Amino acid sequence: MFWDWNYVWEITPALLRASLVTIQATLLGFALAATLGLVLAIMRMSRTSWISVPTAGFVEFIRSTPVLIQIFFIFFVFPEFGIVLPAMTAGVIALGLHYGSYCSEVYRAGLENVPRGQWEAATALNLSPYITFRDIIIPQAIPPVVPALGNYLVALFKETPLLSAIAVLELMQTAKILGSQSFRYVEPITLVGGFFLVMSLVAAAFIRQVEAWLNRSLRNPGGER
Amino acid sequence: MTTPMVKFENVTKRYGALTVLDSLNLEIAPDEKVAIIGPSGSGKTTVLRMLMTLERINDGIIYVDGEPLTHMPKNGRLVPADERYLRRVRGKIGMVFQHFNLFPHMSALRNCMEAPIHVLGLSRQEAEQRAAELLDMVGLSDKKHQYPSQLSGGQQQRVAIARALAMRPKVMLFDEVTSALDPELVGEVLNVIRKLGKEHNLTMLMVTHQMGFAKEFADRVCFFYGGQIVESGRPEEIFSAPKEERTRQFLSAVLEAS
Ligand SMILES: Nc1ncnc2c1ncn2[C@@H]1O[C@H](COP(=O)(O)OP(=O)(O)OP(=O)(O)O)[C@@H](O)[C@H]1O
Ligand SMILES: [Mg+2]
């Protein structure tokens with residue numbers, strides 16, 4: 001038989017457990033990417049050239065090398081310098097770093113679109129650079145770029161199977177193991193594909209929610225009425 | 001004589017090869033209201049922006065309230081001010097912009113609370129009370145919770161005035177604050193400025209194309225041309241009997257246009 005339902009029920013628990021690993025890697029990786037991206041974007045906009053120039057170089061370097069190489073580098077080469085990381089940690093860092101450099105470009109576009117008059121008003125009111133960023137610039141810069149950031153969330157999610165290359169027990173790796181045990185690949189691989197499809201759709205809906213929520217709550221930073 | 005509230009001493013400002021202000025000298029007394037008039041590109045905005053520390057100067061010194069603004073004392077000499085020093089001294093100055101520059105994601109009230117909380121260290125209650133009083137003063141107590149996009153241009157500009165006043169500056173700068181407004185909204189903003197002039201001990205510098213208002217409101221009018229003050233004096237002198245040919249030409253051109 002081409003498709004065996006009994007086998008499907010048999011492997012479902014293992015795949016569900018693995019999907020938690022995939023989701024965890026996605027969320028941790030994206031949390032890192034979103035935070036690091038903002039930091040990189042602000043550093044790249046710095047007027048001090050010994051901050052902005054190396055940051056720009058770093059971002060370009062990360063963006064123009066494959067994420068798989070970065071995963072291998074962190075997992076296999078870092079130990080040579082005494083930094084030994086578990087596979088999951090190494091994978092999350094590599095994904096966060098890679099997508100963080102993409103996100104930084106998105107943030108930068110958002111930051112640059114805030115009118116100069118906003119910066120000038122903040123200076124005229126003597127707000128510190130930190131408060132200016134936190135309360136004036138970032139709340140205006142981020143909502144317009146949430147859809148673009150969301151695209152990278154989905155892209156990062158779809159790249160998590162790369163972590164199977166360093167034997168993280170995420171979905172793809174689990175499916176491969178199940179397949180090699182039973183010599184049946186159709187069901188595990190199809191289920192994994194279906195899972196990615198469903199989760200991508202869920203993520204897209206989630207991003208729209210975040211967008212709406214951000215637009216509402218950032219309108220009101222003081223939480224005042 | 002009392003120390004001037006604002007003093008420009010041989011101030012020069014260049015953009016690349018273009019000298020926008022050429023060795024400007026200007027003293028403004030405490031509580032004095034000065035109107036700055038002149039043709040487009042004569043450097044009027046630049047004067048205000050330098051005072052607000054939005055532009056660096058190339059030469060000379062600006063003093064505010066007896067203290068250097070653009071420079072700080074270091075080892076007995078004056079050296080160009082750093083960010084930290086600027087943050088300390090520019091609190092004496094407030095500015096209202098042509099295009100309001102309100103924070104669009106904050107209510108009118110919150111616009112007026114942000115800096116008092118984070119810069120002056122006021123509590124939320126104190127800041128809110130001060131903001132509400134000022135919005136009341138500019139006639140907007142019923143619009144406190146509106147966002148800038150829900151306000152007319154005249155109302156937005158009045159919020160911007162309240163926001164600047166909430167920092168209790170000694171000097172207020174107004175850069176063509178009515179020129180982005182529909183004509184029927186100009187009056188409400190000018191009324192607020194009149195009221196400010198009467199009720200507060202504020203030194204005020206305003207760049208304006210409203211010659212009628214300058215004449216009635218200002219203690220002194222400075223006519224700028226090509227980065228220099230060509231003529232300055234009491235409004236009745238400047239408007240009725242200008243001494244300089246350029247002033248005459250400018251005033252007749254403005255009169256013809258209106
Ligand atoms: N950032 C800048 N870079 C280069 N040149 C500038 C800059 N800002 C102003 N200028 C030039 O400086 C000169 C004075 O400008 P300023 O804005 O002070 O004129 P203004 O008197 O306010 O004119 P207007 O009545 O049109 O507002 C102009 O020639 C202008 O083109
Ligand atoms: Mg101007």
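On a predicted model such as this, the values are computed, not experimentally measured, just so you know. In the text below, chain A, chain B and the rest are named by the order of the sequence lines, each starting its count at 1.
Side-chain atoms of H105(B) come within 3.5 Å of backbone N or O of D135(A) as a donor-acceptor pair.
Counting heavy-atom pairs closer than 4.5 Å to chain A, the top-ranked of the candidates L102(B), I93(B), I117(B), L86(B) is L102(B).
Proximity to chain A involves both the backbone and the side chain of F103(B), based on heavy atoms less than 4.5 angstrom apart. Looking at H118(B), only its side chain comes within 4.5 Å of chain A, counting heavy atoms on both sides. Of the atoms belonging to R163(B), heavy atoms from both backbone and side chain fall under 4.5 Å from chain A.
In this structure, K158(A) places its NZ atom where only 12 or fewer heavy-atom neighbours from other residues, nucleotides or ligands lie under 6.0 Å away. For F76(A), the CZ atom counts as densely surrounded, since its 6.0 Å shell holds more than 12 non-hydrogen atoms of other residues, nucleotides or ligands. For Y15(B), the OH atom is densely surrounded, since the number of other residues' heavy atoms within 6.0 Å is greater than 12. Shown here is R194(B), whose CZ atom has more than 12 heavy atoms of other residues, nucleotides or ligands within 6.0 Å.
Listed by sequence position, R116(A), G117(A), Q118(A), E120(A), A121(A), A122(A), T123(A), A124(A), L125(A), N126(A), L127(A), S128(A), I131(A) are the residues of residues 112-133 of chain A in contact with chain B, using a 4.5 angstrom heavy-atom cutoff.
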Indicate every side-chain donor-acceptor pair of residues 26-37 of chain A with a distance under 3.5 Å to a residue at least two apart or in another chain.
{"residue": "T26(A)", "atom": "OG1", "partner": "T22(A)", "partner atom": "O", "Å": "2.8"}
{"residue": "T35(A)", "atom": "OG1", "partner": "A31(A)", "partner atom": "O", "Å": "2.6"}

